[in-house]
Structure formats: C-alpha cells, structure tokens
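Submitted below is the structure of interest, expressed as structure tokens.
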Amino acid sequence: MAVFTPVALDDVAQWITQFPLGKALELKGISSGIENSNFFLTTERGEYVLTIFENLSFEQLPFYLNLMRHLAERGVLVPAPVANDKGELIVALHGKPASIVSKLEGRSQMDPQPVHCAAVGAMLARMHLAGQDYALQQPNLRGLAWWHATTPAVLPFIPDEQAHLLRAEVHFQDAFAACDIHKQLPAGPIHADLFRNNVMFDGERLTGFFDFYFAGCDTWLFDVAVTVNDWCIDVGTGVLDQARVRALLDAYHAVRPFTAAEHTAWQPMLRAGALRFWLSRLYDFYCPRAAEMLTPHDPGHFERILRERIATPAPGLF
Ligand SMILES: Nc1ncnc2c1ncn2[C@@H]1O[C@H](COP(=O)(O)OP(=O)(O)OP(=O)(O)O)[C@@H](O)[C@H]1O
Ligand SMILES: N[C@@H](CCO)C(=O)O
C-alpha cells in the first residue's frame with residue numbers, strides 16, 4: 001500500500017477551490033508506487049492525479065513540475081501540472097507539498113513488444129529535444145556523486161564477490177566519466193527512471209511518460225541506457241532482446257540522430273545504467289527508510305544486468 005499520507009474527499013473539498021477544477025467528486029488512493037502518496041482525483045472538470053510528496057521538499061519540486069509543464073507545452077506526452085489561482089504548481093496539503101497533474105489514459109505495458117519499444121524510443125528523443133531550452137538546472141541526483149556516497153553505505157552488508165564487483169564498477173565509471181568521449185556527449189534534462197511502469201499505453205498507442213521525480217540534467221545517452229536496460233530485456237536473465245533494442249534505438253535515432261561519441265560510449269553507458277539501479281536497490285534493501293512499508297525491489301536483478309552488460313556487447317546504437 002503506497003498511501004503514506006491518508007487524505008479523504010472532505011479534506012480536499014476546500015483545498016481544491018484554489019484550482020480551476022470545479023468541485024472534487026471522488027478521491028481514490030493508488031496502491032502502486034513506493035515514493036509518494038498518489039490519488040486519482042475526479043473533479044467537475046475531469047480526471048487528475050493528486051500527489052503528496054513524502055520525500056521531496058518545496059525547494060526541490062519546482063525543477064520537476066516545471067519540467068513537466070515545459071514538456072507538455074511542447075507536445076511531449078507527459079502529465080500536465082495544474083496551477084492554482086496564484087500560478088503555483090506546488091501547494092501544501094496536510095503540511096506536505098502536493099500537486100495535481102492530468103491523468104494519462106491507459107495502463108503500463110509490462111510485456112512490451114518491438115512496437116511499444118519503438119514508441120518509447122521516439123518519444124524519448126522528442127523529450128530530449130524539447131528539454132533543450134528548459135531554464136532550470138539540477139544535476140542527476142542519482143549520478144556519479146551519489147554512487148560514491150552510497151557505495152560505502154552498502155559495502156558492509158554485501159558478500160565479498162558483490163563488493164568486488166561494486167568497487168570495480170564504480171572505479172570503471174569514474175574513468176569513463178573523466179574521458180574525452182564522455183565530455184562530448186549531448187546532455188540536458190533526462191527522465192532517468194523510464195521503466196515500463198512509468199509509461200502508459202492504450203493498446204499500441206503511447207499515452208505518456210510519468211513519474212519525473214528522478215529527473216535531472218545528465219547525458220541523454222544515460223537516459224537511453226536506463227530505458228533499454230528495462231524495456232528491452234528478458235526479465236529473468238537481463239539478456240537484451242535484439243528486436244526490441246533495435247526497435248527502440250532506431251526509432252530514437254530517426255528523431256534525434258545519435259552522435260559518433262555516443263556510439264563509442266554506448267557499452268559503458270549501459271553498465272552505468274545498470275550500476276545506478278543496482279546501487280539504489282542495494283541501498284533501499286539494506287538501509288530502508290524508517291517508515292518504509294513496502295517490499296524493496298530485488299537488487300539481484302540489476303547485479304545480473306550489470307554482469308551481463310560487462311560480459312556481452314549490446315547491439316550498437318546505429
Ligand atoms: N499522471 C498519471 N496518470 C495516470 N496514472 C498515474 C499518473 N501518475 C501516477 N499514476 C498512477 O499511480 C501509480 C503510482 O505513481 P508513481 O509511479 O509516480 O508512484 P511513486 O510512488 O511516485 O513512484 P515509484 O514508481 O518511484 O514507486 C502509477 O503506477 C500509475 O498507475
Ligand atoms: N525504477 C526503480 C524504482 C524507482 O522508481 C527501480 O526499479 O529500482
């Protein structure tokens with residue numbers, strides 16, 4: 001259950017009057033998700049999602065909400081935040097920051113086929129291009145600096161063989177991040193967590209990307225690597241499915257052609273994408289938050305993916 005802050009329809013009746021949404025008619029807690037309290041909110045104007053942020057502060061949230069608004073205004077399919085009568089996108093509810101965004105149609109496609117991967121690749125490229133003139137800056141908060149800070153926290157808990165792999169990979173990624181090729185990679189706002197459960201489909205039609213709360217500025221290729229590592233694998237083994245990889249990369253490339261530097265950086269970047277989620281899952285597993293009520297995601301899944309990316313070259317970008 002992922003409603004950490006309970007909210008009743010009566011609680012929002014007065015609060016909602018600051019938004020141009022009419023009366024609140026129905027409020028239903030959403031059980032999936034592990035970061036925030038989410039609710040489907042029906043008002044006289046339509047269907048929305050109300051999120052109460054459990055970990056992000058009023059100072060941190062403008063980057064994410066304004067990015068969603070910026071992308072939505074440029075035709076990228078993402079939830080559009082609704083501003084209140086003062087033009088604010090983030091408003092306190094029960095003392096915590098909260099926002100209302102448009103509800104995307106459809107559902108997550110958890111058994112993606114090449115056609116779905118192609119739609120994701122094309123929309124991801126459109127998102128990267130549309131983010132180029134986004135004014136706010138924030139680094140990817142789950143990037144290299146966070147890997148350095150987090151590695152010592154998990155090392156005491158994991159067996160020697162994993163500790164060896166973790167140390168070696170952080171070392172490898174340090175060298176990769178410092179190399180000339182890495183400095184040539186195009187960068188900008190990225191989603192950074194574009195897994196199957198963060199995209200909606202209505203049949204084969206992609207209706208939107210959501211859950212932008214790990215977004216930050218980083219290389220576009222890191223975003224592609226994170227996405228391929230989730231959308232294009234056999235879930236049991238982490239092995240890449242060539243047809244889905246090709247569909248996603250070709251569709252991306254058709255909208256925003258990959259550069260030669262990105263081609264060179266592709267294999268180490270896939271490893272970076274695997275390391276990031278292995279580390280966050282290890283951290284959530286061994287160092288859970290005090291109020292954590294949910295089963296953490298399996299870190300072994302991303303350890304397998306990392307070992308597989310080290311052992312087996314992936315299909316090239318183009
Ligand atoms: N804009 C939206 N439109 C439709 N459904 C949404 C929208 N935002 C969230 N949802 C629904 O709410 C669920 C939880 O949202 P989300 O994944 O953002 O949760 P979270 O706790 O913030 O994040 P995490 O995925 O990190 O656990 C989603 O699986 C989806 O079903
Ligand atoms: N996508 C992340 C969860 C945080 O959104 C994971 O699978 O580890």
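Read the numbers this way: they start at 1 and go in the same order the structure lists the ligands and their atoms. In what follows, every heavy atom counts, from backbone to side chain, and hydrogens, waters and symmetry copies are set aside.
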Find all atoms of ligand 1 within a distance of less than 4.0 Å from any non-hydrogen atom belonging to Phe40, and give their numbers and elements. 5 (N)
Indicate yes or no: does Arg74 engage Asp133 in a salt bridge with an N to O separation below 4.0 Å. yes
Which side-chain N or O atoms in residues 93-107 pair as donor and acceptor under 3.5 Å with protein atoms at least two apart or in another chain?
{"unit_1": "His94", "atom_1": "NE2", "unit_2": "Asp11", "atom_2": "OD2", "d": "3.3"}
{"unit_1": "Lys96", "atom_1": "NZ", "unit_2": "Thr5", "atom_2": "OG1", "d": "2.7"}
{"unit_1": "Lys96", "atom_1": "NZ", "unit_2": "Glu54", "atom_2": "OE1", "d": "2.8"}
{"unit_1": "Ser102", "atom_1": "OG", "unit_2": "Ala80", "atom_2": "N", "d": "2.9"}
{"unit_1": "Glu105", "atom_1": "OE1", "unit_2": "Arg205", "atom_2": "NH2", "d": "3.2"}

Considering all heavy atoms of both residues, which atom of Trp220 and which atom of Glu262 are nearest to each other, and what is their separation? CB-OE2, 4.4 Å
The answer, listing residues by chain and number that come under 4.0 Å of ligand 2 through any heavy atom, is Asp193, Phe195, Phe214, Phe277, Arg281, His297
Heavy-atom count around Glu44 CD within 6.0 Å, excluding the residue itself: above 12? yes
Please confirm whether Glu105 approaches ligand 1 to less than 4.0 Å, judged on its heavy atoms. no
Tyr213, portion touching ligand 1 at heavy-atom distance under 4.0 Å: neither
Nitrogen or oxygen of Leu104 less than 3.5 angstrom from that of ligand 1: yes
Are Tyr48 and Phe19 near enough that their ring centres are under 6.0 Å apart? no
Indicate the ring-plane relationship of His182 and Phe176, choosing parallel, tilted or perpendicular according to the 30° and 60° boundaries. perpendicular
What are the atoms of ligand 1, with element, lying closer than 4.0 Å to any heavy atom of Pro79? 1 (N)
Compute both the distance and the angle, then confirm whether Arg271 meets the cation-pi test with Phe172: under 6.0 Å from the six-membered ring centre, within 45 degrees of the axis. yes
Restricting to heavy atoms, the pick from Asn38, Asp193, Leu50 nearest atom 15 (O) of ligand 1 would be Asn38
Tell me if the centroids of the rings in Tyr283 and Phe157 come within less than 6.0 Å of each other. no
Ring-plane angle category for His253 and Phe258, please: parallel below 30°, perpendicular beyond 60°, tilted otherwise. parallel
Please work out which of Ser102, Gly106, Pro81 has its closest non-hydrogen atom nearest to atom 1 (N) of ligand 1. Ser102
Is it the side chain (CB and beyond), the backbone, both or neither of Met200 that lies under 4.0 Å from ligand 1, heavy atoms counted? side chain
For Asn229 and Arg309, run side-chain hydrogen bond (donor to acceptor under 3.5 Å, both in side chains): C-alpha distance rounded to whole Å, both residues' side-chain angles, the deciding distance at 0.1 Å, then the answer. CA-CA 9 Å; Asn229 274 340; Arg309 297 298 171 272; 2.9 Å; yes
Are any of the heavy atoms in Asn198 under 4.0 Å away from ligand 1? yes
Any idea which part of Asn36 is under 4.0 Å from ligand 1, heavy-atom wise: side chain, backbone, both or neither? both
If hydrogens are left out, which of Phe195, Phe39, Phe53, Phe210 has an atom nearest to atom 10 (N) of ligand 1, that is, the closest non-hydrogen atom? Phe210
Tell me, yes or no, whether the heavy-atom count around His164 atom NE2, taken from other residues, nucleotides or ligands under 6.0 Å, exceeds 12. no
For Tyr64 together with Tyr213, are the ring centres under 6.0 Å from each other? yes
Taking distance alone, with N or O pairs closer than 3.5 Å, would you say Asp211 contacts ligand 1? yes
At a 4.0 Å threshold, what atoms of ligand 1 neighbour a non-hydrogen atom of Ile30? 11 (C), 12 (O), 13 (C)
Go through the steps for Tyr252 and Phe318 under the test ring pair (Phe, Tyr, Trp, His ring centres under 6.0 Å), then give the verdict. CA-CA 10 Å; Tyr252 185 104; Phe318 51 83; over 10 Å; no
Consider ligand 1: state whether an atom of it lies below 4.0 angstrom from any non-hydrogen atom of Tyr48. no
Show which atoms of ligand 1 fall inside a sub-4.0 Å distance from at least one heavy-atom site of Lys103. 3 (N), 4 (C)
